[in-house]
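One structure is given here, and the rest of the page talks about it.
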Amino acid sequence: MEPKQQLKNLPAMNDLLHLDKAAVWEQALGSTALKRIINHVLAATRQKIIRGQLQQVPDLAYFTAQIDQQIADNRVRALQPVINATGVILHTNLGRAKLAPEAQQALLAVNQHATNLEYDIPQEQRGDRYRAISQVISDLTGAEDALVVNNNAAAVMLVLSTLFQNKEVIISRGQMVEIGGSFRIPEIITATGGILKEVGTTNKTHVKDYQQAINENTGGILLVHTSNYKLIGFTETPAAKNLAQLAKQHQLPLVNDLGSGLLVDLSAYGLAEPTVMQELKASDLVMFSGDKLLGGPQAGIIAGKRKLIQQLKHNQLLRALRVDKATLAALTATLKLYQQGNPLEKIPVLRALTASQADLSQKAQQLKAQIEAKTTFTATVQSGTTAVGGGSLPDVALPTMLVGLQAPLSTAALTRALNYAPFPLIPRVNHDQVLLDMRTVATAELDSVIDNLQQIKF
Ligand SMILES: *Cc1c(COP(=O)(O)O)cnc(C)c1O
């Protein structure tokens, strides 16, 4: 039969709404979403017939399976927790930092009750939403004052748009980076009303390059930590401490986009990233993310000179970039763990970063034993390396331990089964092997890994 003739035999929407599983589907999705999915399946089937990929109209079992597949796609696409077994600690696609239990609790509590978000209890009057958090950030970092916005991109935009309207912003050609998600420093300077004043070359910029660029229309100096790439070889870019004097002499603000807000020195772990405190010593303002190495919720933190922070507070843009109580609560609780002095144990990002190979090996052996006792898979334990991610420490290869899964399934089929598991699991695939990286799978998640594997049939 001609494809055109075949199309007449396609079932109608109403036929598919009377399939055996329709009541269950409708219960789960509601009728609008179900009809949209059925329409999609009908349209896709029509296309397959027209293109000759299907010789005739398939039976109802085919439609049931296609609709089930669409519903499964919908289920896994909805925002939900997943198990990060990739080994990349700050995985941008997987939501970056996991919060500490204390921060999770704080998040819940402020959403369950009313809060003193903008109420000053001691004064019994309207308060400033940033007051308490600014104090915590200042105490921790030594900054005079601080402000919190939605993310670090917003922090950079707020600073540039407040301080550098119609003024020249001096920046090294080696720091004109793209951060990801099309956030490009040169474009941001222009978009916020500043005038880009590039100095130096890609690989080398000297203090005198900055000095020669200063004129009566200079607004300030912008440093950008090239956190997601590394220049190696014949390179030089002055650090904040080398530029501080020049900036001071000309009364220009030196603002420093740090990216990852590292609050503890990790050089003992071979992780050489400047800390916020070090950079603050020489910069007038530093900007950093809340959900990278700091290990808190998505936020952008600006810390530094009080006079400049006050200027930022008067920018209308702040109203659009301001954070909600949930962010403030989770950030406050995370920072409190630093104040209490044991962040490496309490903050999941730092714990994952500094976990010893011996601990990871023990976790891997424990998982392998459980897999072999409770599931039909077999497992191997092997060592490897992984990355920090999130544009942090791009040249660091962290040692790690991996559990390899073995089953009579193709790598693609096994990966897909794990992705669609009850607690979706994102593994690492390397050399056609499905691997679970122990640096990012929490001990508390091991039971869910086993539950998932028990659901996969082969
Ligand atoms: C990550 C990063 C940003 C953007 O921070 P978000 O919190 O993702 O908005 C900006 N600048 C640098 C240097 C970064 O590393």
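FYI, side chains are in, hydrogens and waters are out, and symmetry mates aren't considered; it's all heavy atoms of this structure. Just follow the structure's listing: the first ligand is 1, and inside any ligand the first atom is 1.
- For ligand 1 and Ala153, the ligand atoms under 4.0 Å from any heavy atom of the residue are 4 (C), 5 (O), 6 (P), 9 (O).
- Each of the following atoms of ligand 1 lies closer than 4.0 Å to a heavy atom of Ser289: 5 (O), 6 (P), 7 (O).
- Considering backbone and side-chain atoms alike, Asp257 places an N or O below 3.5 Å from some N or O of ligand 1.
- With a heavy-atom cut-off of 4.0 Å, Gln175 does not touch ligand 1 at all.
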For residues 254-267, run the donor-acceptor check on the side chains, cut-off 3.5 Å, and write out each pair with its distance to 0.1 Å, sequence neighbours left out.
| from | atom 1 | to | atom 2 | distance (Å) |
| --- | --- | --- | --- | --- |
| Asn256 | ND2 | Glu279 | OE1 | 2.8 |
| Asn256 | ND2 | Ser283 | OG | 3.1 |
| Asp257 | OD1 | Asn152 | ND2 | 3.0 |
| Asp257 | OD1 | Gly259 | N | 3.3 |
| Ser260 | OG | Ser392 | OG | 2.8 |
| Asp265 | OD1 | Ser267 | N | 2.9 |
| Asp265 | OD1 | Ser267 | OG | 2.7 |
| Asp265 | OD2 | Ser267 | OG | 3.4 |

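- Residues Thr205 and Glu236 are not in side-chain contact: their nearest non-hydrogen atoms beyond the backbone lie 4.5 Å or more apart.
- A cation-pi arrangement is found for Lys204 relative to Phe234, the charged atom lying closer than 6.0 Å to the ring centre and inside a 45° cone about the ring normal.
- Heavy atoms from both the backbone and the side chain of Asn152 come within less than 4.0 Å of ligand 1.
- Of the candidates Lys292, Glu178, His225, the one placing a heavy atom closest to atom 14 (C) of ligand 1 is Lys292.
- For the ligand labelled ligand 1, residue Val156 lies outside the 4.0 Å heavy-atom shell.
- Among protein heavy atoms, atom 15 (O) of ligand 1 sits closest to Ser227 OG, 2.6 Å.
- Between Ile302 and Leu312 there is a side-chain heavy-atom pair separated by less than 4.5 Å.
- Per-residue contacts place Arg96 under 4.0 angstrom from the following atoms of ligand 1 (heavy atoms of the residue considered): 6 (P), 7 (O), 8 (O).
- Here's the thing with Val224: none of its N/O atoms is less than 3.5 angstrom from an N/O atom of ligand 1.
- With sequence neighbours excluded, no residue forms a side-chain hydrogen bond (donor to acceptor under 3.5 Å, both in side chains) with Thr237.
- Using a 4.5 Å heavy-atom threshold, the side chains of Asp437 and Arg439 count as touching.
- For the pair Val388/Lys292, no side-chain contact is recorded, criterion being any heavy-atom separation below 4.5 Å from C-beta on.
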